[in-house]
Amino acid sequence: MCPSDPTEGSVAEHIKAVRDNIARLEAVYDREPGSVQLLAVSKTKPQTLIREAAATAQIEFGENYVEEGIEKITELKELGLIWHYIGHIQSNKTRPLAAHYDWVQSVDRLKIATRLAEHRPVDSQPLNVCIQLKLDDEETKSGCSIAELDALAAFIDSAENLRLRGIMTIPAPREDIAQQRAVFAELHNVYRQLEAQYPEVDTLSMGMSGDMEAAIAEGSTMVRIGTAVFGKR
Ligand SMILES: *Cc1c(COP(=O)(O)O)cnc(C)c1O
């Protein structure tokens, strides 16, 4: 799949094109219409572009840098947007994360989950959490392994101010759609087991601008799209 040319057209046009593409792929791969959500990844992009996206009724936004995201969350408060943190988590950042974001998708170890639970303000809704999962043969450092998943899920499920929503994953880029699909299919299998165990689990966050088609084919419920919406970074 080729992301729309980021140098042409407005953010509103890009979002419409991405949404049309998601709807088309849902049909092609026998997915229920509307079963794949769009998370607009706005990292490094200015508030003016986020406002343009919000004007198309885009509600969910993703950020990778804790403070940059908090600035936007604070200044765009009146828009009622929902903010997802999808970047790497350092343990000294759990307090601001828990205080400001609606979702944290990149929880990959018990220490981080414990601190987020401690730091979520008592008057806030429970923090929505996805576990960032990696397959055993992925080189990346971030991500919980399949062996560690059960214990981490059980802790998040038991914490009153955390709500376990599912799995987020960032496989290494692969050119070939068949290879992309093989990895996503394996992740979907793990997701299905989690979903069977925990009734609140409803989110499989996988797929970016370059591998959205393969992710939708293999059961993604949320694609995280930056470049195809906001242009190159
Ligand atoms: C930047 C980023 C995205 C969006 O990537 P694009 O290729 O620009 O669509 C998605 N997920 C994560 C975790 C990211 O860091």
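Formation of a donor-acceptor pair under 3.5 Å by the R120 side chain with backbone atoms of Q125 is found in this model. Side-chain atoms of S35 do not come within 3.5 Å of backbone N or O of R31 as any donor-acceptor pair. S209 places a side-chain N or O within donor-acceptor distance of the main-chain N or O of A228, the cut-off being under 3.5 Å. A distance-only check finds a donor-acceptor pair linking the side chain of N161 to the backbone of A117 [under 3.5 Å]. Panel note: side chain D211, backbone M208; a donor-acceptor pair is recorded below 3.5 Å. In this structure, the side chain of S106 engages the main chain of G87 through a donor-acceptor pair within 3.5 Å.
Annotation: salt bridge (charged side-chain N to carboxylate O under 4.0 Å, His left out) contacts of R192 (sequence neighbours excluded): none. In this view, Q58 and R19 satisfy the side-chain hydrogen bond (donor to acceptor under 3.5 Å, both in side chains) rule, not counting sequence neighbours. Contacts of E32 classified as salt bridge (charged side-chain N to carboxylate O under 4.0 Å, His left out), with partners at least two apart in sequence or in another chain: none. Here R165 pairs with D202 under the salt bridge (charged side-chain N to carboxylate O under 4.0 Å, His left out) rule; sequence neighbours left out. With sequence neighbours left out, the side chain to side chain contact (heavy atoms under 4.5 Å, CB included) criterion links S205 to Q105, M168, T203, M222, R224. Qualifying side chain to side chain contact (heavy atoms under 4.5 Å, CB included) partners for D157, counting only residues two or more places apart in sequence or in other chains: Y198. Residues meeting the salt bridge (charged side-chain N to carboxylate O under 4.0 Å, His left out) test with E26, sequence neighbours left out: none. Residues passing the side-chain hydrogen bond (donor to acceptor under 3.5 Å, both in side chains) test with E68 are K72, sequence neighbours excluded.
D20 and R24 are not joined by a salt bridge, as no carboxylate oxygen comes within less than 4.0 angstrom of a charged side-chain nitrogen. Salt-bridge check for R181 with E213: failed, with every basic side-chain N at 4.0 Å or more from each acidic carboxylate O.
In this structure, CG on L152 lies 8.0 Å from CG on D108, to the nearest 0.5 angstrom.
Within the structure, every pair that satisfies the ring-ring contact (aromatic ring centres under 6.0 Å, His included) test and touches residues 33-71, not counting sequence neighbours, is listed here: F61-W83. Sorted by first and then second residue, the ring-ring contact (aromatic ring centres under 6.0 Å, His included) pairs involving residues 99-131 (not counting sequence neighbours) are H84-W103, Y85-Y101. For residues 155-194, the set of pairs meeting the ring-ring contact (aromatic ring centres under 6.0 Å, His included) definition, not counting sequence neighbours, is empty.
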Throw together a table of side-chain donor-acceptor distances under 3.5 angstrom for residues 41-54, partners on residues two or more places apart or in other chains.
{"residue": "S42", "atom": "OG", "partner": "G62", "partner atom": "O", "Å": "3.4"}
{"residue": "S42", "atom": "OG", "partner": "E63", "partner atom": "OE2", "Å": "2.7"}
{"residue": "K45", "atom": "NZ", "partner": "K232", "partner atom": "O", "Å": "2.7"}
{"residue": "Q47", "atom": "NE2", "partner": "E75", "partner atom": "OE1", "Å": "3.0"}
{"residue": "R51", "atom": "NH1", "partner": "E78", "partner atom": "OE2", "Å": "3.1"}

